[in-house]
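As structure tokens, the structure follows; a few thoughts come after it.
Only heavy atoms go into these numbers, but all of them, side chains included; no hydrogens, no water, no symmetry mates. Note that the structure is a prediction, hence the values are computed from the model and not measured. Throughout, protein chains are lettered first and strands after them, A, B, ... in sequence-line order, and every chain is numbered starting at 1.
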Amino acid sequence: MSPPAPLYLCGPTASGKSSLAVEIARQADGEVVNADAYQLYRGLETLTAAPTREQREIVPHHLFGVLDPDEGCDAMRFRELALPVIEEVLSRGKLPIVTGGSGLYLKFLTHGPSPLPTGDPAHRERLAALSLNELVERLKHLDPVEAARTDLMNRRYVTRAVEICELSGERCSDLRDRWETITADVGNKLRGIFIQRERADLHQRIHRRSAEMLDGAIEEVAVLGDASETLGMAIGYREVRELLDGGIDRETCVERIRTATRQYAKRQETWFRREAWLKPLVWAPDAAVPLNPALRLAGIRF
RNA sequence: GGCUCGAUAGCUCAGUUGGUAGAGCAGCGGAUUGAAAAUCCGCGUGUCGGCGGUUCGAUCCCGUCUCGAGCCA
């Protein structure tokens with residue numbers, strides 16, 4: 001018997017999340033729910049290293065390939081997609097195994113959204129015309145408290161804070177403080193594990209996987225129509241596009257994908273390390289799927 | 001075989017009129033609640049090819065050797 005709450009399974013890209021998720025699901029009467037920003041998209045299974053057809057036949061998989069390439073997405077939309085799916089799986093007495101590496105998306109799911117306005121493209125376009133300095137000055141004027149704790153070198157964050165003030169008519173800092181208070185002890189009720197691999201091991205896996213996926217990824221990108229702004233930022237998509245446009249050769253393409261993937265994996269590790277409620281699961285190089293340690297960490301009897 | 005140029009961080013290179021050196025990329029660390037596979041911040045990791053010489057002091061000048069590129073034979 002498993003507690004009636006989802007199990008979160010996180011880890012950097014190429015750490016082996018998908019195969020571990022399948023094994024856990026098989027043992028614990030569970031179903032896999034995607035928490036990966038780019039595996040939500042249809043038609044990019046290879047590029048995004050989505051679970052294989054074989055894996056999906058073993059246990060049910062949800063939220064893979066549910067978005068069209070030209071659809072946009074954000075953390076809130078993901079939350080709204082995932083919540084009913086998780087509820088539905090639980091209602092059938094199954095264990096949802098929420099698997100993915102998108103830290104912000106997962107955080108929206110586990111900690112809920114703060115009451116902030118959704119980004120408005122037209123408004124963002126107006127803000128994009130301003131210099132960073134002008135944005136910073138505007139934020140300092142609208143909300144000095146938020147300005148003092150925002151990374152003022154990060155244009156994205158400054159833009160977002162200004163946007164929140166202007167769209168809501170309230171102070172960004174007030175809205176965010178409210179959420180911080182509400183979610184302070186949410187982590188205590190969650191259970192999740194994150195896969196830890198030695199850096200060199202992870203790099204080797206990324207190296208190998210990048211080469212293996214290239215042909216399939218090229219095919220996927222070639223038949224793809226217009227990509228949404230969200231999808232256009234996917235690692236691999238940009239590089240393969242450039243390859244198809246003749247800007248770079250194959251070797252350069254793979255190398256760039258490898259580099260970008262390594263850097264992404266490092267950012268993921270930083271994110272998950274900070275999430276104190278996640279229990280680390282060490283997966284040694286060349287070791288088999290660590291099913292029993294994972295079940296133990298998850299508190300599942302076996 | 002002769003001549004010329006080059007050899008400096010993991011890679012590509014800059015530099016020191018002689019006082020043991022710094023950029024980009026890679027790498028490492030961090031931030032991160034509606035763009036997040038995004039965005040941003042911090043950190044130089046080095047027998048300055050080897051061995052001799054000149055000098056108070058050589059990565060820099062001189063000699064020699066090794067390796068690489070080119071030119072002439």
| field | Non-neighbouring partners of Ala294(A) that pass side chain to side chain contact (heavy atoms under 4.5 Å, CB included), sequence neighbours left out | value | Leu20(A), Ile24(A), Ile193(A), Leu281(A)
| query | On a whole-Å scale, what distance lies between the P atoms belonging to rG22(B) and rU16(B)? | reply | 14 Å
| message | Please determine whether the number of non-hydrogen atoms from other residues, nucleotides or ligands lying under 6.0 Å from atom CD of Glu242(A) exceeds 12. | response | yes
| said: With a 4.0 Å cutoff (strictly under), does any side-chain N or O of Tyr105(A) reach OP1 or OP2 of rA37(B)? | reply: no
| Any side-chain N or O of Arg176(A) less than 4.0 Å from the OP1 or OP2 oxygen of rG34(B)? | yes
| query | Roughly, in whole Å, what's the span from CG in Leu109(A) to P in rG34(B)? | reply | 16 Å
| task | Examine distances only and state if a side-chain atom of Thr46(A) and a backbone atom of Ala217(A) form a donor-acceptor pair shorter than 3.5 Å. | result | no
| Would you say the side-chain atoms of Asp70(A) and Ser228(A) include a donor-acceptor pair closer than 3.5 Å? | no
| request: May I ask you to say what Arg273(A) touches in the nucleic acid, namely base, sugar-phosphate or nothing, with a heavy-atom cut-off under 4.0 Å? | output: sugar-phosphate
| What nucleotide among rA35(B), rU39(B), rG30(B) has an atom nearest to a side-chain atom of Thr270(A)? | rG30(B)
| note | From CE of Met233(A) across to C1' of rU39(B) the rounded distance in Å is 9 Å
| In whole Å, what separates the P atom of rU54(B) from that of rG1(B)? | 31 Å
| Within this structure, what is the CD-to-C1' distance between Glu71(A) and rA35(B), rounded to whole angstrom? | 16 Å
| field | Single hit among Arg262(A), Glu255(A), Arg256(A) for side chain to side chain donor-acceptor pair (under 3.5 Å) with Thr259(A) | value | Arg262(A)
| query | Arg178(A) near the nucleic acid: base, sugar-phosphate alone, or nothing, with a heavy-atom cut-off under 4.0 Å? | reply | nothing
| Taking the side chain of Tyr38(A) as its heavy atoms from C-beta onward, which of rG34(B), rC40(B), rA36(B) lies nearest to it? | rA36(B)
| query | Touch check for Gly112(A), heavy atoms < 4.0 angstrom, all strands: base, sugar-phosphate only, or nothing? | reply | base
| query | Would you say the side-chain atoms of Glu170(A) pair up with the backbone N or O of Leu175(A), donor to acceptor, closer than 3.5 Å? | reply | no
| message | Between rU17(B) and rG24(B), how many Å separate the two C1' atoms, rounded to a whole number? | response | 27 Å
| query | Does the side chain of Arg160(A) get closer than 4.0 angstrom to OP1 or OP2 of rG34(B) through an N or O atom? | reply | yes
| So, the side chain of Lys17(A) versus the backbone of Pro12(A): is there a donor-acceptor pair under 3.5 Å, distance only? | yes
| With a 3.5 Å cut-off and no angle check, do the side chains of Glu166(A) and His123(A) form a donor-acceptor pair? | yes
| task | Would you mind classifying the nucleic acid contact of Thr118(A) as base, sugar-phosphate or nothing, using non-hydrogen atoms under 4.0 angstrom? | result | base
| Backbone N/O of Leu106(A) and side chain of Thr110(A): donor-acceptor pair under 3.5 Å | yes
| request: Would you check if the side chain of Arg79(A) reaches a backbone N or O of Phe108(A) as a donor-acceptor pair within less than 3.5 Å? | output: yes
| Should His203(A) be listed as having a side-chain N or O under 4.0 Å from OP1 or OP2 of rC28(B)? | yes
| Using Watson-Crick and G-U wobble pairs with both distances under 3.5 Å, what is the 5'-to-3' dot-bracket string of RNA chain B, with [ ] for crossing pairs and | for pairs outside the strand? | (((((((..((((.....[..)))).(((((.......))))).....(((((..]....)))))))))))).
| said: Rounded to whole Å, how long is the line connecting atom NZ of Lys266(A) with atom P of rA37(B)? | reply: 15 Å
| query | Reckon Thr259(A) touches a base, only the sugar-phosphate, or nothing at all at heavy-atom distances under 4.0 Å? | reply | sugar-phosphate
| message | Any donor-acceptor pair, under 3.5 Å, between the side chain of Ser114(A) and the base of rG34(B), if you only look at N and O atoms? | response | yes
| Which value, in whole Å, describes the distance between the P atoms of nucleotides rG50(B) and rU55(B)? | 22 Å
| field | Nearest-angstrom distance, P atom, rG68(B) to rA21(B) | value | 31 Å
| field | Among rC41(B), rA35(B), rA37(B), the one nearest Ser102(A) by side-chain distance | value | rA37(B)
| query | Below 4.0 angstrom from OP1 or OP2 of rG34(B), is there any side-chain N or O of Arg79(A)? | reply | no
| remark: RNA chain B nearest-nucleotide lookup for Arg262(A) and Ile164(A): closer to the 5′ end is Arg262(A)
| message | Heavy atoms from C-beta onward define the side chain here; which of rA36(B), rC41(B), rA37(B) lies closest to that of Asp74(A)? | response | rA36(B)
| Separation between the C1' atoms of rG10(B) and rG46(B), rounded to whole Å | 11 Å
| task | Measure from CG on Leu104(A) to P on rG34(B) and round the result to the nearest Å. | result | 7 Å
| message | Students often get this wrong, so: under 4.0 angstrom with heavy atoms, is Arg199(A) touching a base, only sugar-phosphate, or nothing? | response | sugar-phosphate
| query | If you measure from the C1' atom in rA9(B) to the same atom in rG15(B), how many Å do you get, rounded? | reply | 14 Å
| query | OP1 or OP2 of rA35(B) less than 4.0 angstrom from a side-chain nitrogen or oxygen of Arg124(A), does that happen here? | reply | yes
| request: Quote, to the nearest angstrom, the C1' distance that separates rG44(B) from rG57(B). | output: 26 Å
| task | Could you tell me the separation between the OH atom of Tyr264(A) and the P atom of rG27(B), rounded to a whole number of Å? | result | 16 Å
| request: To the nearest Å, give me how far apart CG (Asp70(A)) and C1' (rA35(B)) are. | output: 16 Å
| Starting at the 5' end of RNA chain B and moving along, which residue's nearest nucleotide shows up first, Trp271(A) or Ala49(A)? | Trp271(A)
| said: As a test of the definition: with a 90° window around 0 for syn, would you call rG70(B) syn or anti? | reply: anti
| remark: Against the side chain of Gln263(A), the closest entry in rC40(B), rA35(B), rA26(B) is rA26(B)
| query | How long is the line joining CD of Glu229(A) and C1' of rG34(B), in whole Å? | reply | 13 Å
| query | Do Ser15(A) and Arg205(A) get their side chains close enough for a donor-acceptor pair, meaning under 3.5 Å? | reply | no
| field | Presence of donor-acceptor pair under 3.5 Å, side chain of Asp36(A) and base of rA37(B) | value | yes
| said: Just to be sure I understand the rule, does Gln268(A) reach a base, reach only the sugar-phosphate, or reach nothing, if contact means heavy atoms closer than 4.0 Å? | reply: nothing
